[in-house]
Every structure is written in structure tokens, then in C-alpha cells.
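Heads up: the structure comes next, in C-alpha cells.
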2 protein chains.
Amino acid sequence: MARVSQEHLDARRRQILDGAALCFARNGFHATSMQDVLKEVDLSAGAVYRYFGGKEELIAAIVTEVLDTVRGIYEQAARETPPPTPDVLIPRTLARMREARPATLDNGEWMFPRLMIQVWTETTRSPEMAATLSEGYQNVRAGWARIVEGYKDAGMMPRDADADAMARAMIAVVQGFAAQIALFGGTFEESVGDGLRALMAVRPPGQDA
Amino acid sequence: MARVSQEHLDARRRQILDGAALCFARNGFHATSMQDVLKEVDLSAGAVYRYFGGKEELIAAIVTEVLDTVRGIYEQAARETPPPTPDVLIPRTLARMREARPATLDNGEWMFPRLMIQVWTETTRSPEMAATLSEGYQNVRAGWARIVEGYKDAGMMPRDADADAMARAMIAVVQGFAAQIALFGGTFEESVGDGLRALMAVRPPGQDA
DNA sequence: TTGTCAAGAAGGAACGTTCGTTTTAGGTTT
DNA sequence: AAACCTAAAACGAACGTTCCTTCTTGACAA
């Protein structure tokens, strides 16, 4: 009967997760030591190990949070009516990621894309994480294929276009730009739209106007 | 004067690099131990340490090889005349990566994309690697922007389109599909073309035909 | 309101292990 | 005989984790 409030426990857990995420975004999961995390969150080992069974559990918690965030944003995008064109949808998706997870590194760079690529590498190591990611990806792909069907219904593109392939391509653009932001920094969500508009404006020679 | 032939030395070095690449693609740089590498290449510690000063040097060699390979392929694509449309250029770029580095994991999955995402995470840790990557990226972006200018010259797209933004977008597609192949496997270079063709066929409502 | 106290929360030294690397001695190839 | 390589042991450093101690909290009795 000397417990501290649930809010306190939740806040501590969040504090640990946030500090760990910062460390992991900086150095990756396996090049950051527990002592790095302990120093970052300014807690003792005893405290952290009360909230997480170990490093693996901490990593799993971060991976899950990242995957849930990304999946949620993709699905939110798929629910928009009417579906925005890709040059609007894709930068908006990136912008929503920044809104949802705006935290930055010490150098001011956006943390979340770095975390994303770290999660990608980690999922290739863990069958359970890989399964979670695959499941989410399947759903997102189906959702974004429905967007493409919406384009067709609106007469914006031919009915015989491959909706699933196009969904994959749009997701690839999001992933690719996330990687570029992680690697090169900057806030170029806007130029993403310009690039996509340009890409959509390409007309193979000897085809209509 | 009982040296072994230079070919032998080169072959040993390559054997070590290939084995290390396999380990790194499996588990990432920092979750694979030197002993993992030693076992994979079936050499003693003394032998490996004769060719590489240590783990860091081994990692740096792998990173450099991956970056050089990718950069070479991007630049080869930029030299094609006449420049193929994106729906041809991009899957061809991925196909050339597979030709250049066809090695597979134990499960038959293509190794190189996994190595690519590992390299991405590693470059965020090392300023020198980050500088190398940034420099290569700048050049590739400029090269691919020249492709876009070629499209304009051929009357395939409006002159006022943002060539640099479009170059970024095309590179993002390559990167995104590399990530998808690394994460989900499969050989869907072909559907990449379908997806891009569909994307390029989108016409915003209330705009031309 | 105040004092007491058990239990929860946090601290921090220390544990055993594993890491990357070096060293040793001996064997094999050229 | 010189270079190459093996096998094994050993190194200090760093790792993840545990364990015991200390501090803090909140219920309850006075």
C-alpha cells in the first residue's frame, strides 16, 4: 500500500521509452548499450528493469510503437474521401508522421524516420516482428489499392490499371522519402508533391497529346 | 620468398568479405560477432586479422562496396540514351542491382537489399560514411535530373516541371522498393513497372482528357 | 494533524558473460 | 626458409542483468 499513482508509473514508462527511442535513433538498437539508455533517461538500472524485463523487451516496445504509428497513418490516409491524388496524399502522409511523432535528435533532425529504418533492419532479425510488419503491410497495401479503385471510379485513370502494383509503388515512395529524410535530413515534404506531379505528367512519346 | 600468389590473397580477402556480408545481411553489423564471421568464412581469427585490422574496418569495407555498387548502377542508368521512361528505368535499375549482386541468403532471399538498409542505418552513425553517401546521392540526383531534362527535350513532359524534385521521387521509388524487397522478399521488379505506369496514368479530375 | 511503518520505487555496486582482439605455439604450403 | 594459416588460450573492456540497499510514498492509528 505504498504505491505511487498510476499516472506516475505511466509517465516513467513513457520517459524510458522516449529516452530509449532517442538512443536507438542515434545509434541503432544493438550499438546502444543499456547504460546509454540509463544515462539518457537519468534512471538507475533497478528502476528501468522494473518497467521492462530487459533490452529485448525495450526494443520490442519501440518497434511496436513505430509500426503502430506508421500503420495508423497509412490507414488514416486510406480513409480520406474523396481520395486525394498521390501528389497530395503522399506528402500529407509524411506530414502526418511528423505531426504524430515530431521529436527531434540533438542536431534538430527529425527522429522518427531514423527509427523507421532501424525498425526495418530489426524486423529482418525477428520472425515475430517480421510477421507483424508483414501483416500490417498487407492491410495497408489493400487499403491503398482501394484508394486506386477510387481514382478509377472518379474517372481519373484507366480501369485496367494494376491497383495493387500502384499501391505498392505509392508506399515505396513514402518509404523512400522516409529513408531520404533519415539519411539526408531536411524538411522537403513539399517538394515531394512537386516530384510526384512531375512524375505523373510524363507522357511516353507517341502516346496521346 | 615463399609468398603465396596475389590471386590467392585477393581470393581470401573476397572470401572474408562475402562471408561477412552474409552475416551482416542476416543480423546487421552490430548484432553479428567476429566469431560469427570467423565461423562463416571458416578461417581462424589470426587469418582474418591479417586481412582486416578489425571489425570496424570490415564494416567499412562492406559499406563502401555497397555504396559503390549502388552509385555505379544509378549512374549507368543516367547514361542511357535515349532515357527510358520511369516505368522502365526504375525496374531496370533494380534488375541491374540483382545482376550485379545476385547473392542470396540461406532462405533464398536476395541479400543485397538487406545489406542496403543495414548500410543506411550505419551511415547515420558515422560522419565519414554519411559524407560519402551524401556526396554520392548529390551526384546521382543530378544525374537523374538530367534524365528528366531529357524527357522535357523529347516533349514528354512540361518544361516547367521540377526536375530535381522528380529525380528525388524516382530515387525514392528505387529505395522504397529495395526496402520492400528486403522486408518482404519476392522478385517483383516487373510489377514495379506496372505500378509506375498506373501512377503515371493518373489524371486529376477537371484536367485535360 | 501528526507520527509510524510496511511496501513500492529507485539507486548503484557487482556479477558472470561475451565481446573484439592479441598472443602463443605449432603445422602446412610454396 | 619464409609466408600462411590453425587452434587455443587468454586479455581487458564492455555488456546485460541481478541483487541488496536506500529512499520515498501513502494508508492508518493516535
Side-chain angles (χ1 to χ4, degrees), chain A residues 1-63 118 121-122 125-126 128-129, chain B residues 1-63 118 121-122 125-126 128-129:
Chain A
M1 342 204 153
R3 333 194 61 223
V4 91
S5 71
Q6 186 63 37
E7 291 85 40
H8 175 89
L9 295 175
D10 292 347
R12 269 272 182 276
R13 195 184 149 88
R14 181 107 308 274
Q15 171 190 2
I16 294 169
L17 283 172
D18 288 347
L22 183 57
C23 291
F24 293 153
R26 268 201 286 257
N27 274 335
F29 295 114
H30 303 286
T32 81
S33 67
M34 273 295 168
Q35 316 224 11
D36 291 337
V37 175
L38 300 183
K39 176 163 289 185
E40 181 61 45
V41 302
D42 204 40
L43 251 44
S44 67
V48 169
Y49 274 82
R50 188 170 298 280
Y51 291 86
F52 294 93
K55 194 184 184 183
E56 294 269 315
E57 210 172 301
L58 200 44
I59 293 174
I62 297 283
V63 169
Q118 298 291 349
T121 63
E122 192 62 16
R125 282 173 39 79
S126 154
E128 307 98 64
M129 290 181 189
Chain B
M1 323 268 167
R3 309 204 57 189
V4 90
S5 69
Q6 185 62 36
E7 291 83 42
H8 176 89
L9 295 175
D10 292 347
R12 270 270 183 275
R13 195 185 149 88
R14 180 107 309 273
Q15 171 190 2
I16 295 168
L17 283 171
D18 288 347
L22 184 57
C23 292
F24 293 152
R26 267 201 287 257
N27 272 336
F29 296 114
H30 303 286
T32 81
S33 67
M34 272 297 169
Q35 317 223 12
D36 291 336
V37 175
L38 300 183
K39 175 163 292 186
E40 182 62 44
V41 302
D42 203 40
L43 286 171
S44 67
V48 169
Y49 274 84
R50 191 173 297 277
Y51 291 86
F52 294 94
K55 192 184 185 183
E56 294 269 317
E57 212 172 299
L58 201 43
I59 293 175
I62 297 283
V63 169
Q118 298 292 349
T121 63
E122 192 62 17
R125 283 174 37 79
S126 153
E128 307 99 63
M129 291 180 188

Q. Of the nucleotides dT21(C), dG26(D), dT18(D), which has the atom closest to the V4(A) side chain?
A. dG26(D)
Q. After noting the C-alpha distance and the side-chain angles of H30(A) and F29(B), does the key distance pass the side-chain contact (heavy atoms from CB on, under 4.5 Å) rule?
A. CA-CA 9 Å; H30(A) 303 286; F29(B) 296 114; over 6 Å; no
Q: Quickly work out the M34(B) CE to dT22(C) C1' distance and round it to whole Å.
A: 13 Å
Q: Measure the CG-CD1 distance between L17(A) and I62(A) for me, rounded to the nearest 0.5 Å.
A: 5.0 Å
Q: Consider the side chain of H8(B), meaning its heavy atoms from C-beta on, and name the nucleotide among dC4(D), dG16(D), dT21(C) that approaches it most closely.
A: dC4(D)
Q: Among the candidates dT6(D), dG12(C), dG16(D), find the nucleotide nearest to the side-chain atoms of K55(A).
A: dG16(D)
Q. In whole angstroms, how far is the P atom of dT18(C) from the CG atom of D36(B)?
A. 13 Å
Q: With heavy atoms under 4.0 Å as the rule, sort D42(B) into base, sugar-phosphate or nothing.
A: sugar-phosphate
Q: Between G46(A) and F29(A), just flag the one whose closest nucleotide in DNA chain D comes earlier from the 5' side.
A: F29(A)
(Q) Nearest whole Å is fine: how far is dC15(D) P from H30(B) NE2? (A) 12 Å
Q. When all nucleic acid strands are considered with a 4.0 Å heavy-atom cut-off, which category describes R12(B): base, sugar-phosphate, or nothing?
A. sugar-phosphate
Q. Would a 4.5 Å heavy-atom cut-off, applied to side chains only, mark Y51(A) and R13(A) as touching?
A. yes
Q: Tell me what G54(B) touches on the nucleic acid: a base, only sugar-phosphate, or nothing, going by heavy atoms under 4.0 Å.
A: sugar-phosphate
Q.
Nearest to the side chain of Q35(B), heavy atoms from C-beta on, is which of dG20(C), dG16(D), dG12(C)?
A. dG20(C)
Q: Quick one: do R26(B) and E40(B) satisfy salt bridge (charged side-chain N to carboxylate O under 4.0 Å, His left out)? Show the steps, please.
A: CA-CA 12 Å; R26(B) 267 201 287 257; E40(B) 182 62 44; 2.6 Å; yes
Q. Taking only side-chain nitrogens and oxygens of S44(A), does any of them come within less than 4.0 Å of OP1 or OP2 of dA10(C)?
A. no
**Q.** Which nucleotide in dC5(D), dA9(C), dG16(D) has an atom nearest any side-chain atom of R50(A)
**A.** dA9(C)
Q: Report the distance from atom CD1 of I16(A) to atom P of dA9(C), rounded to the nearest whole Å.
A: 12 Å
Q. Is Y51(A) near enough to dA9(C) that one of its side-chain N or O atoms lies under 4.0 angstrom from OP1 or OP2?
A. no
Q.
Quick check: on DNA chain C, is the nucleotide nearest Y49(B) upstream (toward 5') of the one nearest S5(B), or the reverse? Name the residue that is more 5'.
A. Y49(B)
Q) Please give, in whole Å, the distance from dT18(D) C1' to L38(A) CG? A) 13 Å
Q | Among dG20(C), dG11(C), dT18(D), the one nearest L43(A) by side-chain distance | A | dG11(C)
Q.
Run the side-chain contact (heavy atoms from CB on, under 4.5 Å) test on Q15(B) and L43(B) for me, step by step, so that the C-alpha distance in whole Å, both residues' side-chain angles and the decisive distance to 0.1 Å come before the verdict.
A. CA-CA 10 Å; Q15(B) 171 190 2; L43(B) 286 171; 4.2 Å; yes
Q: Would you mind reading off the distance between E56(A) atom CD and dT17(D) atom C1', rounded to a whole angstrom?
A: 13 Å
